[in-house]
Amino acid sequence: MLCPNCKKELIVVERGKIELDYCMFCEGFWFDNNEWNLLSERLYINDKKPLGNLYAIPKVLTGENIKNCPVCNGPMEKFMLFDTILDRCKKKHGIWFDKKEISNVLNAARGKEGIPVNFLGEVFYKN
């Protein structure tokens with residue numbers, strides 16, 4: 001699979017039974033829907049609701065360049081999670097996090113009551 005940003009080959013990184021595709025060059029992450037669902041099960045609010053279906057969040061229009069999905073090569077759409085604009089495949093193949101976007105989302109989630117984020121550990125989360 002090729003990176004939506006720099007078109008370099010993505011490598012597979014595994015942590016806590018979640019396999020993510022990672023770009024060593026631009027430091028972005030691809031979460032396919034299965035991986036996002038696993039992550040979402042671990043990121044919950046006090047009433048035990050998962051963080052959520054990222055496809056239920058309305059798309060936003062921005063001036064950012066449109067990226068192509070690394071699975072189907074179709075154009076992705078933008079949406080906002082915790083004040084961070086992310087890219088998702090219109091055909092629901094997955095979500096792309098550019099460099100530092102995963103940290104931004106996890107930092108914002110950490111500020112919400114009851115959301116544990118430390119399981120991603122040293123591989124995915126940097127202060």
Side-chain angles (χ1 to χ4, degrees):
M1 218 176 343
L2 298 181
C3 173
N5 282 332
C6 62
K7 310 301 185 229
K8 304 285 186 186
E9 193 69 33
L10 299 174
I11 64 166
V12 176
V13 178
E14 184 177 349
R15 172 83 175 173
K17 296 185 181 181
I18 297 176
E19 284 187 4
L20 300 177
D21 297 287
Y22 174 69
C23 181
M24 293 175 34
F25 299 93
C26 72
E27 301 179 10
F29 284 97
W30 175 255
F31 280 77
D32 75 21
N33 286 332
N34 293 332
E35 275 74 32
W36 179 257
N37 291 338
L38 288 171
L39 175 63
S40 182
E41 289 172 8
R42 291 171 172 90
L43 300 179
Y44 57 84
I45 301 175
N46 282 337
D47 60 7
K48 304 295 185 202
K49 291 182 182 176
L51 187 56
N53 174 0
L54 298 186
Y55 288 95
I57 299 170
K59 69 180 180 179
V60 296
L61 299 176
T62 71
E64 292 183 5
N65 290 333
I66 301 296
K67 296 178 175 83
N68 291 333
C69 171
V71 175
C72 69
N73 203 36
M76 292 194 281
E77 62 188 11
K78 308 284 183 182
F79 71 103
M80 189 172 294
L81 179 64
F82 296 120
D83 296 326
T84 300
I85 297 172
L86 303 172
D87 302 274
R88 66 183 171 206
C89 175
K90 292 179 183 181
K91 294 181 180 178
K92 300 184 178 180
H93 289 127
I95 311 296
W96 178 256
F97 289 82
D98 286 321
K99 180 180 181 178
K100 296 191 180 182
E101 287 178 344
I102 189 76
S103 292
N104 292 344
V105 167
L106 294 177
N107 273 327
R110 185 172 64 173
K112 305 296 180 191
E113 58 182 321
I115 299 181
V117 297
N118 61 343
F119 89 98
L120 285 174
E122 68 282 352
V123 176
F124 305 117
Y125 179 72
K126 297 176 183 174
N127 284 323

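All values below were derived from every heavy atom in this structure, side-chain atoms included, with hydrogens, water molecules and symmetry-related copies excluded.
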Requested in this report: State, with a plain yes or no, whether a side-chain heavy atom of Ile102 is found less than 4.5 Å away from one of Phe31.
Outcome: yes
Query raised in the report: Linking I/L/V/M/F/W/Y whenever their side-chain heavy atoms sit closer than 4.5 Å, directly or via other members, would Ile57 and Ile85 fall into one cluster?
Result: no
Query raised in the report: With a 4.5 Å heavy-atom cut-off, do Lys99 and Phe29 have their side chains touching?
Result: no
Requested in this report: For the pair Lys7 (side chain) and Pro4 (backbone), establish whether a donor and an acceptor sit closer than 3.5 Å, ignoring hydrogens and angles.
Outcome: yes
Report summary line: Taking every heavy atom of Cys72 against every heavy atom of Lys91, the minimum-distance pair comes out as SG-CD, 4.1 Å
Requested in this report: Look at atom CE of Met80 and say whether more than 12 heavy atoms of other residues, nucleotides or ligands are closer to it than 6.0 Å.
Outcome: yes
Requested in this report: For Val12 and Asp21, run side chain to side chain contact (heavy atoms under 4.5 Å, CB included): C-alpha distance rounded to whole Å, both residues' side-chain angles, the deciding distance at 0.1 Å, then the answer.
Outcome: CA-CA 5 Å; Val12 176; Asp21 297 287; 3.6 Å; yes
Requested in this report: Could I get the full list of salt bridge (Lys or Arg N to Asp or Glu O under 4.0 Å) partners for Glu77, not counting sequence neighbours?
Outcome: Arg88
Report task. Please write out which residues are connected to Leu2 in a hydrophobic cluster, directly or through intermediates, given that two of Ile, Leu, Val, Met, Phe, Trp, Tyr count as joined at side-chain heavy-atom separations below 4.5 angstrom. Result -> none
Query raised in the report: NZ of Lys8: more than 12 outside heavy atoms within 6.0 angstrom?
Result: no
**Report entry** Test salt bridge (Lys or Arg N to Asp or Glu O under 4.0 Å) applied to Asp98 - qualifying residues, sequence neighbours left out
**Finding:** Lys67
Which atom pairs, donor and acceptor, lie under 3.5 Å between side-chain atoms of residues 58-66 and protein residues at least two apart or in another chain?
from  : atom 1 : to    : atom 2 : distance (Å)
Thr62 : OG1    : Glu64 : N      : 3.1
Glu64 : OE1    : Lys78 : NZ     : 3.1

**Report entry** Criterion side chain to side chain contact (heavy atoms under 4.5 Å, CB included) on Ile95 and Phe79, from CA distance to verdict
**Finding:** CA-CA 10 Å; Ile95 311 296; Phe79 71 103; 4.1 Å; yes
Requested in this report: Please write out which residues are connected to Val71 in a hydrophobic cluster, directly or through intermediates, given that two of Ile, Leu, Val, Met, Phe, Trp, Tyr count as joined at side-chain heavy-atom separations below 4.5 angstrom.
Outcome: Met1, Leu10, Trp30, Met76, Trp96
Query raised in the report: If you look at every heavy atom in Phe25 and Cys6, which pair is closest and at what distance?
Result: CB-SG, 4.0 Å
